[in-house]
Q: 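One structure follows; several queries about it will come next.
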Amino acid sequence: MVSRVIPVDPFDLVIFGGTGDLARRKILPGLYRRFLAGQMPEDARIIAAARSEMDEDAYRAFVAEAIAEFVEPGHRDKAQIQAFLARLSYVATDAKGSDGWDSLKALMRDGVVRAFYFSVAPSLFGALAEKLHEYGIADGDSRIVVEKPFGRDLASARALNATLAAHFNETQIYRIDHYLGKETVQNLMAVRFANSLFEPLWNAQHVDHVQITVAETVGVGGRGEYYDRAGAMRDMVQNHMMQLLCLIAMEPPYKFEPDAVRDEKLKVIRALTGVGHDEIVRGQYRGMPAREGRKAEPSYTEDVGNAHSRTESYIALKVGISNWRWQGVPFYLRTGKKLRNRISEIAITFKEPPHSIFDEDDAWRENVLAIRLQPDEGMTLTVMIKEPGPGGMRLTEMPLDMSFADWLSEDADIPDAYERLIMDVIRGNQTLFMRGDEVEAAWAWADPIIAAWEDRGERPHGYDPGSSGPEDALMLMHRDGRRWREIRG
Ligand code: NAP
C-alpha cells in the first residue's frame, strides 16, 4: 500500500536552536524528507536562528552534513538536496538580547503560515515568546512549537504555561510529545475506534491488566547532566508513557478532533490513582568490568559524574484508573536504560474464559494483544488453538502477527514522528499535541509520587546492564500473580 501525500499551505518556519542537536538529527532531516515526498509547496521556507555567527552558505553546509548523516542513502538525491537547501536561511539571533531580531522580522512574509519551533533549552521559551511579540514577528495566527521537558513539576509547568499564555492563545501552542507522532500510536486510536471488534472487550469485565514497556539498551549518553536532574519518572513516565496510557484507556471522543481527543485524555489522567510505596520500584544501572571481548561499562553514577546520585534510570510502577471502565484493572508501567533489548510495547492481557471445557488447563495462556512501537511497528494477538496432529485435544498458543512493514510496500512513505508533527503544526492540527491542562494534570499526579520517595531518602535498587531491571520489579508483578512480558528485541 502506498501512502498519500497532501501538500500543506505555504509557510515560514523559524527554527530557534537551528544549530542544535535536535535540529541536526531530527528536525532538518525530517523536513528534507517531507520536501522529497512533495509535501512542501514551492514557497515554503525554513529560517534557522541561533546565536552562532555564520553565513547562509555555512549553514547550508551544516544542513547538508546533517542530511548525509541522518537520512537513509536511498533518499539522498543530490539535486533534491540542493533544491531543499535553497529554501533555507540563517539569522544569528539571541533569545536574550537584541541581536538578529530586526533581520528576522525583515525576512518574514505576509500571507503564509508562520511557525516558530523552540528547539532550545526550556529556560529560553519565555524569552523567545516575549521577543516574538516585542518585535511584532508573531501574529494572531502564528504557531509556536515547544519541546520537552515541559516543566519539572506542577509549579514550573504552570509557570511556563502562564508565560506562554501571556503572548499566545492555547490554540497557537503546540507542545510536542514525539511519541504521539509515531505511526503505531495513532494506529492505537484507529484499532480502537475504527473497528467494532475490540471496543466491547476494552473494559474491566474482559481485560485482566495492561503492561506498558519502554526499554532502552543505551545509557544516559551525553545527556547525563539533564538526565540526572530528571530521571525516568520525569523523562519518560510523566509524558510519553502517560500519553500511551491515555490512548489505551480513554473513552471514545465524539470526533477525531483536537479538543475532543484531548478532553478524553485529560479525564484519564485525572482519574489515575496514587501509587503506594510498595507499588513502585526504582533502579539504577551498575557498571560492568571488562570481560572477554567486551569493554568495561560505566555505571549510572559514573555516566552522570555524580557518585551520590539517587536518580532512577529504571522505574516500574502499578497504577489504577478510578472510573467505570477500568475499575480494578492494574496498569503496569516500566521503563529503563541499559536493559536487555530495545523495545516499546503495550500489551493488553485479557481474562481467562469463564469455564474451561478442556482437560489441559495448564496449557492455557491468556489472550494478549501486543502493540509494538519499536523496533518493528506492528501488532500481535495471541490466541489458543488446537495443537495440530492426532494426539487428541491438546491446546497451544499461536500469534496472529501483523508487522506494518511487511504489509506496506517498500515505497510506502511513512514519515517519522517529527516529520508528521511538524506538518500538523503547519496544517494547524493540534490533535497530537498536549494541551496545557493535560501537562499540568500529569504533573499533579507525578509530583506526590516523586515527593514521597524524596522524603524517604530512598536509593534506587542496582541492576546489571543487559538485564531486565532490578529483581524487586519482578516482585511487583509476582505479588499479584502476574509476570512481566519478556523484554525481547
Ligand atoms: P542543544 O544541542 O544544546 O542546542 C541548543 C540550541 O539553542 C543551539 O542551536 C544553540 O545555538 C541555541 N541557543 C542557545 N542559547 C541561545 C540563545 N540565547 N539564543 C538563541 N539560541 C540559543 O540542544 P538540543 O539537544 O538540540 O535540544 C533542544 C531542545 O529540544 C531542548 O529543549 C531539549 O530538551 C529538547 N529535546 C532534545 C532532544 C534531543 O534528542 N536532542 C530530544 C527531546 C527534546 P547557539 O549556541 O549558537 O546559540
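We count ligands from 1, going down the list as the structure has it; atoms in each ligand are counted the same way. Note that the structure is predicted; figures quoted are calculated from it, not measured. The first residue in the sequence is number 1, and the count goes up from there.
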Q: Using 30° and 60° as the class boundaries, would you call the ring planes of H133 and F168 parallel, tilted or perpendicular?
A: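 If you compare the ring of H133 with that of F168, the planes turn out perpendicular.
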
Q: Please check if the side chain of E312 supplies one atom and the backbone of M233 the other of a donor-acceptor pair under 3.5 Å.
A: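 Between the backbone of M233 and the side chain of E312 there is a qualifying donor-acceptor contact (under 3.5 Å).
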
Q: Would you tell me whether Q243 and E438 have side-chain atoms, one donor and one acceptor, within less than 3.5 Å of each other?
A: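 Yes - a donor-acceptor pair under 3.5 Å links their side chains.
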
Q: Checking S98 now: which residues fulfil side-chain contact (heavy atoms from CB on, under 4.5 Å) with it, not counting sequence neighbours?
A: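 With sequence neighbours excluded, S98 shows a side-chain contact (heavy atoms from CB on, under 4.5 Å) to Y135, given in chain and number order.
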
Q: Provide, line by line, the atom pairs where ligand 1 and the protein bring an N/O atom each to a distance under 3.5 Å; else say none.
A:
residue	atom	partner	partner atom	Å
ligand 1	2 (O)	D21	N	2.9
ligand 1	9 (O)	G17	O	3.4
ligand 1	9 (O)	T19	N	3.3
ligand 1	9 (O)	T19	OG1	2.6
ligand 1	9 (O)	G20	N	3.0
ligand 1	11 (O)	T19	OG1	3.1
ligand 1	15 (N)	R51	NE	3.4
ligand 1	15 (N)	R51	NH2	3.4
ligand 1	18 (N)	D94	OD1	3.0
ligand 1	19 (N)	A95	N	2.8
ligand 1	26 (O)	D21	N	3.0
ligand 1	26 (O)	L22	N	2.8
ligand 1	32 (O)	V120	O	2.7
ligand 1	34 (O)	K148	O	2.9
ligand 1	40 (O)	R25	NH2	2.5
ligand 1	41 (N)	D21	OD2	2.8
ligand 1	46 (O)	R51	NH2	2.9
ligand 1	47 (O)	R51	N	3.4
ligand 1	47 (O)	S52	N	2.9
ligand 1	47 (O)	S52	OG	2.4
ligand 1	48 (O)	R51	N	2.8
ligand 1	48 (O)	R51	NE	2.8

Q: Verify whether one side chain among K148 and H240 offers a donor that lies under 3.5 Å from an acceptor in the other.
A: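 The criterion, which ignores hydrogens and geometry beyond distance, is satisfied for H240 and K148.
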
Q: Do the side-chain N and O atoms of R286 and S299 include a donor-acceptor pair separated by under 3.5 angstrom?
A: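 Distance-only check fails for R286 and S299.
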
